[in-house]
Amino acid sequence: MPDSGSRFRLRALRRAELPEGTIGLARFLIGKWVVHDVDGIRLSGRIVETEAYPVGDAACHAFRGRTARNGSLFLERGHAYVYFNYGMHFLLNVSSESSGRGCGVLLRALEPRDGIAAMQRRRGATRVQDLARGPGRLAQALGVDLRHDGVDLCAGGALRLAVSNEKTGRIGRSVRIGLSREAHRVLRFFERGNPHVSGPKRLRET
DNA sequence: CGGCTGATGATCT
DNA sequence: GATCATCAGCCGG
């Protein structure tokens with residue numbers, strides 16, 4: 001498996017390393033990696049933007065209880081919750097608390113690392129800066145879809161979370177993007193100054 | 001850069 | 001029938 005990211009001493013994240021609260025996990029995941037080995041190619045990137053959807057948040061898909069769609073949010077932290085949004089995009093989340101508590105962290109943007117040419121083929125020729133800038137683009141670049149809903153991201157499978165020895169930049173926070181409910185809550189996290197972060201400029205500075 | 005619009009389909013009321 | 005954790009394209013400043 002190609003592994004240009006190995007120059008950063010990448011290793012898989014264990015579940016025990018993940019903070020147990022949703023908001024803490026959203027912050028923790030900034031600077032960590034998502035890796036997807038698919039069709040003999042490694043696709044990966046550093047997470048540079050997340051949003052927390054904690055228990056009791058009216059914007060969280062699990063707010064009204066468990067349904068066929070949102071079941072993965074109720075898995076122990078570190079599992080993928082993937083859903084289909086606006087009739088055309090898949091969005092990748094990480095379940096964030098103990099089994100039975102429905103909540104998660106949306107992965108909103110990556111700084112692409114391994115498999116950039118392959119990700120560009122999946123997305124259509126796009127500048128690297130826009131390859132995984134936004135949650136729909138992120139899933140498309142990584143080849144993530146409903147087949148990955150419920151996958152354990154800490155189990156060493158093809159799709160997984162990882163950490164490198166790089167330093168993470170200063171972390172900013174803001175309100176979340178694209179919501180009508182609970183729109184005022186400051187639950188979005190991002191690496192400040194990173195050009196791969198999505199959203200309007202005013203939400204990339206604080 | 002910011003702002004707007006249409007595309008497109010699952011989910012829930 | 002309304003809503004929706006989006007995106008690409010287009011327009012104006």
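Every chain is numbered from 1 and lettered A, B, ... according to where its sequence line falls, protein lines coming before strand lines. Small disclaimer: the values here were computed from a predicted structure and weren't measured.
Following chains of ILVMFWY side-chain contacts shorter than 4.5 Å, one cannot reach A:M119 starting from A:V48, and the two form parts of different hydrophobic clusters.
Residue A:T67 places at least one side-chain N or O closer than 4.0 Å to OP1 or OP2 of B:dC12.
Regarding A:N70, its CG atom lies at a distance of 16 Å from the P atom of C:dC4, rounded to whole Å. Rounded to an integer number of Å, the gap from CZ of A:R66 to P of B:dC12 is 13 Å. We find that CZ of A:R181 is positioned 11 Å from C1' of C:dC4, with the value rounded to whole Å. Regarding A:D149, its CG atom lies at a distance of 15 Å from the C1' atom of C:dA5, rounded to whole Å. Following rounding to the nearest Å, A:L73 (CG) and C:dA5 (C1') show an atom-to-atom distance of 11 Å. Distance A:E51 CD to C:dC4 C1': 14 Å, rounded to the nearest Å. Rounded to whole Å, the distance from CD on A:E182 to P on C:dC4 is 13 Å.
For the residue pair A:Q140 and A:R122, no side-chain donor N or O sits within less than 3.5 Å of a side-chain acceptor on the partner.
Here the CZ atom belonging to A:R101 is positioned 12.0 Å from the CZ atom belonging to A:R77, to the nearest 0.5 angstrom.
Under 4.0 Å is where a charged nitrogen must lie from a carboxylate oxygen, and between A:R15 and A:D152 at least one such pair does.
Checking B:dT13, B:dT11, C:dC4 against every side-chain atom of A:R69, the shortest atom distance belongs to B:dT11.
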Given the rule in the side chain to side chain contact (heavy atoms under 4.5 Å, CB included) test, do A:E166 and A:W33 qualify, once you have shown the distances and angles that lead to the verdict? CA-CA 11 Å; A:E166 294 169 276; A:W33 289 46; 3.6 Å; yes
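The shortest non-hydrogen separation linking A:L92 to A:V82 is CD1-CG2, 3.8 Å.
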Contact state string [nucleotides 6-13 of chain C, B base, S sugar-phosphate only, - no protein heavy atom under 4.0 Å]: BSS-----
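Among the atoms of the strands shown, none is found under 4.0 Å from any heavy atom of A:R176.
Using cut-offs of 30° and 60° for the angle between ring planes, the A:H148 and A:H36 rings count as perpendicular.
Remark: C:dA8 base-pairs with B:dT5; criterion is Watson-Crick or G-U wobble with both hydrogen-bond distances under 3.5 Å.
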